[in-house]
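Throughout, a chain's letter reflects where its sequence line sits, starting with A, and its residues are numbered from 1. Computed from a predicted model, the values in this text were never measured in an experiment.
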Amino acid sequence: GKSDDGGSADGDSDKDSGGKEKIGITIQSLKNDYWAGVMGKLEELLKEEGYEYTLVDCSDNAPTQVSQIENFITSGCDLIMVHPSDAEAVEGICGEALDAGIKVMCWDDPMENTTANWILDNTALGRDIGEATAEFINANYTKDAPAKVCTIGYPSTKVLLERETGIKEGLEEFCDDGVFEIVASVEGIEADKALANVETVLQAHPDCTIFAGVGAGAMIGANEALLQKFGGAGKIPENVGVITTDVTMQQLESLKAGDEAVRAIVGFEGSSLDTAKACLEMYKRILSGEDFSGDKNVVRPTRAITVDDVDDIIAGM
Amino acid sequence: MSEEYVLQLEHIRKEYPGVVALKDVTLELRKGEILALIGENGAGKSTLIKCCSGAVIPTSGKIIVNGKEYDSMTPQLAAENGIAIIYQEFNNVKELSAAENLFLGRPIKKGIVVDKKAMEREAAKAFEQLRIKINPKTLMKDLTVGYQQMVEIAKAIQQDAKILIMDEPSAPLTSAEVESMFRVVERLRKEGISIIYISHRLEEIYRLSDRILVLRDGEYVKTLQTSESHVQELIKLMVGRELTETYPPRGDCIDKSQVVLEVKDLTGNGDENISLKVHKGEILGLGGLVGAGRTELAEMIFGAAKRQSGQMFINGKEVNPKTPREAIDTGIALVPEDRKRHGAMLGISIKDNINMPIYEKNSTLSVINSKKEVATAEKYRENMAIKTPSLHQLMKNLSGGNQQKVILGRWLAANSELIIFDEPTRGIDVGAKYEIYKIMNDLVEKEGKAILMISSEMEELMGMSDRIVVLSEGKMTGELAKEEFNQEVIMEFASEARTSIEEEKTV
Amino acid sequence: MKSKVVYQLKDKAIWLVLIFLVIVFTIANPRFVNPNNILTLLRQVSMYGIASIGMTFVILLGDIDLSTGTIISFVNIICAYFMVHMGMNMWLAIILTLLASTVIGLLNGFMVSTVGMPAIIATFAVQTAFQGLALIISGGLPINGFTEKFKVFGQGYVGIIPVPVIIMALCFALGSFILNKTYFGRYFYAVGGNIEAAKLSGIRVGRIKYLVFAISGFFAGLAGIVMLSRVNSGMATAGLGYEFDVITCVVLGGVSVTGGYGKMSGVVAGTFIIGALQNGMVLMNINSYVQDIVMGVVLALAVGFDCIQKKRKAN
Amino acid sequence: MKSKVVYQLKDKAIWLVLIFLVIVFTIANPRFVNPNNILTLLRQVSMYGIASIGMTFVILLGDIDLSTGTIISFVNIICAYFMVHMGMNMWLAIILTLLASTVIGLLNGFMVSTVGMPAIIATFAVQTAFQGLALIISGGLPINGFTEKFKVFGQGYVGIIPVPVIIMALCFALGSFILNKTYFGRYFYAVGGNIEAAKLSGIRVGRIKYLVFAISGFFAGLAGIVMLSRVNSGMATAGLGYEFDVITCVVLGGVSVTGGYGKMSGVVAGTFIIGALQNGMVLMNINSYVQDIVMGVVLALAVGFDCIQKKRKAN
Ligand SMILES: Nc1ncnc2c1ncn2[C@@H]1O[C@H](COP(=O)(O)OP(=O)(O)OP(=O)(O)O)[C@@H](O)[C@H]1O
Ligand SMILES: Nc1ncnc2c1ncn2[C@@H]1O[C@H](COP(=O)(O)OP(=O)(O)OP(=O)(O)O)[C@@H](O)[C@H]1O
Ligand SMILES: [Mg+2]
Ligand SMILES: [Mg+2]
């Protein structure tokens, strides 16, 4: 690496000048409600505790992310957290960061050149969504009248593609025999696109009742489409449901309302605040010099949020 | 005093980067007179009159209209003050109808809704007055150049202007159309309308104007009473020197044994069965009215338009150019009619303009030989006496006449054997005209080239050609040898196919 | 006479494409022509249709408006913000929002007309900057929780006709009226066809540009409001990339990107074609990657065919 | 004489903007001018720089190439596919990839030149279609696992100078050479300035368009390979939106979007400005939403300033 001397030397002088450690954070996209929510909380926490930090997003573009990490190295960060657009793409530059004496944490992927990874297996997450969906299907459908399922994905992004694959695996694995049939797979990461596509699917398959998706947009769009189809909240049949991941306020409210199509949300630590806290905890562990060489992959927990515990989560959003 | 003049331009100065287009020019227009504005190409005539409409903002000077003083105008102010202008360049909208073009910028409307019916009615009346047969609903793009110009004229007249400014209105018109325009102009004068008339055709100036204002190199030279002036004097004032003959003499240099260009039964692009020959050292004139299809023929020969059938020979060898490049490579050149659109590349330098067709020849492995490039440009600047401070000057900073010389230089540099001139002196002043005629003479005489010259100016056609072929409505209607040249005969040939079709068109 | 027939045929050609598509999709899945699905389809394209009015005017002028998508996003956020975070009356919020979108359009107009920037750059700059602003206002989070009343614009019905479809139809009618009957509509053609001539004829070209960009902003704003009501949630990225969908509708509709030529009826057809494609391909359960390819190919073929026709006629 | 001075000043103005930015960023964070950071910055913009050569030519012609981003993505995928899934020799893979990108450029050229489509539409159609194709080939998943050798293009050094920076410098030199020394360069200006006159001067305008779009495709392909090597992983969306970054570099550099005017040196400055902004704002810890706003405003101001100058001069 070329940045060795410059980087670390300047980094020291920064610490001398008083402040706490400096953290550089680059994530896939901040133009996304889940990330905006969690990062908003994380920023609050970081400010409270007096950390110096830089938060950027790479608009899901690997080269941009590489550049951002380069800039973090230059600006003398002590810890770089990367939520990679493409893990392989940032391995090289993360290695350079490590060489420069900077600690590196990866959110989501089990990366090589990092101090520690806070991982989420997207296929597993998908499988959890599948499982939650399967529970709902098992409770409402039988072999004679199987559920017609539509998956809502976004196959242009690797993690979301994995999630969608996971959903299908989860359905296979956890549904009772012959109780479901996937009739359509559509794209929908933004709510309006998901809405339009679900409307169309409902035209093609008026008896399609189960929508399992990869994120908040899919849920909001599908929920709206179903609300419109059945004529509003309270009129949605018991056996119609939308299940996705991401934890955002709107999703939670729909879930809480109880009379909309949202049946469950597969979440992680809990609320945005819970996630932010857990993340900060990771920062502290890494910065304190904890040795992760044994197993540096710290796996994040996932859980299904249902009507029963939705209030606790909302409190922390 | 302001009552005497309806329009005064005082001490107008206009600077462009590198050029002073106007230096302290003063013009005064009286009520009900026709003031002719003359001067060589680039003298600043168009620039001056554009100051009256706000198309050009003067660097300094005052514009006084009906006693009101302005530093600069806008098209709206001009309209409010009753000024209407026919510009040298076409100013129409091709996708709108003739009627809508006639009322462009001031439609007949009820509230915000336009009244198309009323506009068409009024347009029909206006065309009637000018004795032109145009269906007001026809889209502008479906009209020929001449008709488009007539719409422009109708439009200016239609505005009930108090001051009418016409910048070379006759340039694209046939003599019959010019006649009907003159009648209208004279009628307008009688109605007390003041007119500024720009033209390079001195006979028009004498026919129409009361006074003549001469510009030279952006400077005011003199104002004369038309009745007290002489052509020689005018030319001298414009050019700044004496001009003896209109057409320079040329020795007999035709080599009948060598046919440079022969076309046989050429059909396509609106033309039918055209057959003609041009010999070495000969200037063949191509006559006809506007819309006769001469430009179309030139385009076909030059490979710029597709031909359907017929054969073409250069020096006896059959050729079949499908693009201008192929035509150039077989030794054909075209100096186009529409300089701005088809000839001059305004945004690049004089040097590049001249070298454009020969770059590939003067390059090794596509790298330009820059010495040769500069030498070529320098040579033709001298030969053509192109007025410019530097070869790096952009083309757009030159006047029309000088641009035409650059384009000529381009084709001389390309060393073509046959040069087609399409209206070579359209909108060019007498001085530059004479120079261009001399260049044409030198080309046939000294360099043994062949020239095909399209011209709508009868005098030019007869003065320069060795032979004349006349087209009408895309067909050849006659051929005359030098001894047979006669204005009436040519006109007769030119309108042969015309009368019948014209009646059909207006239906 | 002959040229008129050719023109009319050309204007009709796009409808033939539409009919062809309808037939193909119907064969693939008869549900496609189900009245219900047709209404759904129309509702789906209503945002494109509404935004396409302004875009048509802009393109007729020979300019382009890349800020449409961002205006939709921005409007989404501020209208939601007004109603939810500021508790503003719905109508007031809508009026203010439309005002804001018109003002953004005026900003485009200012840069293009007064400053003299090429429209593609000016509107791209606005696109970038206002995307940032929308994200700042929303903090990247969706804003939701509107009144039931607000839903009517995107989700309501009059009889069996969805309200957004009615809004779209009204917009098309208005657009057509402006283009054909009003004097400024005729000015659009004049400015797009020959800006110099327009100027010298006393048309205040500068003002026309302001007007057209403002109109484009306004209709984008209206599309944004319909979208907000339809999705029932305001997102700062809701309109991302919409400008190109809208441009595609307009250009498919035969409006010349160099300005001066085009008709509202063509744009209607162009919009329906995009709608039919998006709806039909999902009905056929076509892989979303393949959908991209089909979209690209249809655009290339439709416009390419048109261009070849034009070229042939020119010779 | 005077006009020459004005022109040169205008061409220099963009460098003044660059110097101004450098000063601002240096004051904000002295690390900005650290030689190490400068090299990092240059490496970051190398892909823009490389792709901007072709884009400059296209824009000089008065056209635009919206397919650049997709070509980068597509090339990313096929080059990775060749090397990883087909085990092809690196050089062969690179040559085939560059060939493919050139062929896509030729396809653009075909649509623009032979079919006569407006470039903005033709290249947008290609963008859409090839995005789909790239996704199909990759199945939406990244492709990685290249040889160490392959890393040199994006990550290697010659002395202290990063290889991509050297490639960019060579490309700029080549671009400048083509524009100033070869007849192709003259032709580009001629065609961009007055296509009719260019045609009648014997320039085969059709071929020039093919050539220029092919060149644009080629350089986009080269940028794609450098990117692939730099990030060591091929993604089907790697180049998403790159075309606008590249267009911004070119236009900031003073190339007229209406064609006919512009210089390579200006584009170099434009590219550096984008690099300085992207790098400097992260160093200054500017919120990423605000970064969008700054980008938009800088673009508007830089181009706007230029346009006002031009306008003033024209009067
Ligand atoms: N936009 C411009 N930029 C720079 N120079 C210009 C511009 N317009 C005109 N000029 C210059 O101003 C001078 C006057 O040009 P103008 O067109 O007024 O001449 P003219 O008398 O109308 O000539 P012509 O008889 O050829 O029409 C010329 O030297 C010309 O090169
Ligand atoms: N593409 C075309 N298809 C059919 N007819 C055409 C086409 N282009 C031109 N024409 C017709 O051919 C005739 C020749 O037009 P044009 O005005 O160019 O003739 P011209 O003899 O060159 O006139 P000028 O004296 O102005 O040079 C006109 O009647 C015109 O309507
Ligand atoms: Mg003039
Ligand atoms: Mg002609």
Practice item. Could you tell me which portion of D/M117 (side chain, backbone, both or neither) has an atom closer than 4.5 angstrom to a non-hydrogen atom of chain C? Key: both
**Study point:** C/I286 backbone acceptor or donor facing C/Q291 side chain under 3.5 Å
**Key:** yes
Check your understanding: Do the two ring centres, one from C/Y48 and one from C/Y242, sit under 6.0 Å apart?
Key -> yes
Review point. Which region of D/V251, side chain (C-beta onward) or backbone (N, CA, C, O), has a non-hydrogen atom less than 4.5 Å from a non-hydrogen atom of chain C, or is it both or neither?
Key: side chain
Practice item. Mind ranking C/G132, C/A300, C/G241 by heavy-atom pairs under 4.5 Å with chain D and telling me who comes out on top? Key: C/G132
Check your understanding: If you tally heavy-atom pairs under 4.5 Å against chain D, which of C/L299, C/T258, C/V257, C/L135 wins?
Key -> C/L135
Check your understanding: Any side-chain heavy-atom pair from D/V115 and D/F110 closer than 4.5 angstrom?
Key -> yes
Point to revise | Heavy-atom contact with chain C under 4.5 Å, split by part of D/T248 | key: side chain
Check your understanding: Do D/Q131 and C/I293 come close enough that some side-chain heavy atom pair is under 4.5 Å?
Key -> no
Check your understanding: Given that the side chain runs from C-beta out, which part of D/L133 has a heavy atom under 4.5 Å from chain C: side chain, backbone, both or neither?
Key -> both
Review point. Can you name the closest pair of heavy atoms from C/N108 and C/S67 and give their distance?
Key: ND2-OG, 2.9 Å
